[in-house]
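Working notes for the structure below.
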Amino acid sequence: MNYWLLKSEPNVFSIDDLKKQPQKTDHWDGVRNYQARNFMKEMKKGDLAFFYHSNCDEPGIVGLMTVTKEAYPDHTAWDKKSQYYDPKSTKETPRWYMVNVTYKKTFSRNISLKELKLKKDLEDLPLIRKGNRLSIMPVSKKSWESILSLVKKN
DNA sequence: GCCAACGTTGGC
DNA sequence: GCCAACGTTGGC
């Protein structure tokens with residue numbers, strides 16, 4: 001099993017929005033970055049992911065979700081009315097993909113970016129590196145467990 | 001709103 | 001293939 005971190009702007013799609021979906025499940029669409037897409041293609045059913053709120057008052061990790069469907073073509077790329085429309089992605093050769101994720105839990109508190117940056121054993125987490133803009137990234141087992149231990153504090 | 005750090009585009 | 005111009009992300 002592998003671990004991931006997925007970013008979303010809460011005013012666009014928050015962890016509460018995911019929780020409200022039927023079966024608490026939704027597709028993670030709109031990824032338009034090759035590196036992020038390639039990571040998404042590596043995701044396996046049953047993998048766990050942190051839900052990260054970005055571009056908001058308190059950026060940070062707010063909860064957990066499970067990957068419930070592996071990468072399949074992102075249909076929003078074919079929708080001319082979508083902000084994610086990409087004429088270069090065709091049904092024959094899809095350029096962009098999405099996965100399905102299912103809500104698992106909301107942490108008792110927000111693990112803020114500030115706090116993650118202070119933690120000393122997360123060097124391998126791309127999120128805390130300066131200038132990082134990856135919206136989907138792998139999390140090592142060591143970092144995953146370290147972050148989970150933070151949740152239990154307070 | 002600012003702006004650093006990227007990623008992408010397109011002329012050459 | 002280089003690289004300047006441009007667009008986007010996302011913390012602050």
Side-chain angles (χ1 to χ4, degrees), chain A residues 2-21 26-43 47-65 67 70-101 103-140 142-151 153-154:
Chain A
N2 288 306
Y3 303 101
W4 307 94
L5 182 147
L6 278 62
K7 288 184 191 172
S8 183
E9 301 187 17
N11 60 336
V12 177
F13 187 76
S14 72
I15 193 164
D16 288 335
D17 293 326
L18 178 61
K19 192 179 180 181
K20 276 185 268 177
Q21 296 306 309
D26 207 348
H27 50 261
W28 200 271
D29 63 19
V31 172
R32 296 292 179 271
N33 169 282
Y34 289 104
Q35 203 180 350
R37 179 202 67 183
N38 293 343
F39 282 133
M40 194 156 54
K41 282 181 161 183
E42 291 177 27
M43 291 184 186
D47 282 358
L48 291 171
F50 287 131
F51 198 124
Y52 179 87
H53 281 173
S54 67
N55 213 355
C56 56
D57 285 349
E58 230 192 301
I61 294 171
V62 292
L64 273 183
M65 54 195 158
V67 175
E70 294 174 14
Y72 60 105
D74 182 341
H75 54 72
T76 64
W78 303 327
D79 178 2
K80 284 186 181 171
K81 280 173 277 184
S82 170
Q83 60 167 321
Y84 300 124
Y85 175 65
D86 181 355
K88 290 172 185 161
S89 182
T90 64
K91 296 201 178 185
E92 293 71 32
T93 53
R95 174 172 294 199
W96 306 113
Y97 287 78
M98 54 193 185
V99 294
N100 281 7
V101 291
Y103 172 88
K104 192 171 171 71
K105 74 182 294 184
T106 301
F107 293 142
S108 53
R109 63 191 194 89
N110 177 1
I111 310 302
S112 70
L113 177 61
K114 196 176 159 191
E115 186 174 355
L116 293 169
K117 281 179 172 170
L118 288 172
K119 194 93 167 73
K120 292 299 171 207
D121 57 355
L122 302 175
E123 326 76 28
D124 62 7
L125 186 66
L127 181 75
I128 59 172
R129 289 208 277 266
K130 193 181 177 186
N132 192 277
R133 290 166 34 182
L134 257 188
S135 60
I136 293 183
M137 66 187 74
V139 179
S140 69
K142 177 167 158 273
S143 291
W144 182 269
E145 284 166 1
S146 172
I147 292 165
L148 282 185
S149 75
L150 279 179
V151 176
K153 287 188 186 170
N154 304 343

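All chains are named by letter (A, B, ...) in the order of the sequence lines, taking the proteins before the strands, and each is independently numbered beginning at 1.
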Atom-to-atom span, CD of E58(A) to C1' of dC12(C) - whole angstrom: 13 Å
G131(A) or N55(A), whichever maps to the more 5' nucleotide of DNA chain B: N55(A)
Nearest to side-chain heavy atoms of R133(A), which nucleotide of dT8(C), dT8(B), dG11(C): dT8(C)
L134(A) CG to dT9(C) P, straight-line distance once rounded to whole Å: 13 Å
Atom-to-atom span, CD1 of I136(A) to P of dT9(C) - whole angstrom: 14 Å
N or O in side chain of K130(A) less than 4.0 angstrom from dA5(B) OP1/OP2: yes
Residues S143(A) and S146(A): side-chain donor-acceptor under 3.5 angstrom: no
Closest listed nucleotide, where the reference is the side chain of K117(A) and the choices are dT8(B), dC12(C), dA4(B): dC12(C)
Donor-acceptor side-chain pairing of D86(A) and S89(A) below 3.5 angstrom: no
Sugar-phosphate, base or nothing in reach of K114(A), heavy atoms under 4.0 Å: nothing
Length of the line joining R129(A):CZ and dG11(C):P, which is rounded to integer Å: 16 Å
Mutual orientation of the aromatic rings belonging to W96(A) and Y34(A) [parallel < 30°, tilted 30-60°, perpendicular > 60°]: tilted
Ring center gap for W28(A) and F51(A) short of 6.0 angstrom: yes
Charged N-O contact under 4.0 Å between E58(A) and R109(A): no
Candidate nucleotides dT9(C), dG11(C), dT9(B), ranked by approach to the side chain of K88(A) - the nearest: dT9(B)
Nearest-Å distance for atom pair OH/P, residues Y84(A) and dT8(C): 13 Å
Distance in angstrom units between Q35(A) CD and dT8(C) P, rounded: 19 Å
Nucleotide dT9(C), atom P - distance to CZ of R32(A) in whole Å: 11 Å
Stretch residues 4-16 of chain A: residues that reach within less than 4.0 Å of DNA chain C through a heavy atom: K7(A)
Among R95(A), R32(A), R37(A), H27(A), side chain to side chain donor-acceptor pair (under 3.5 Å) partner for D74(A): R32(A)
Short side-chain donor-acceptor distance under 3.5 Å, Y72(A) and N100(A): yes
Value in whole Å for how far the P atom of dG10(C) lies from CG of L127(A): 10 Å
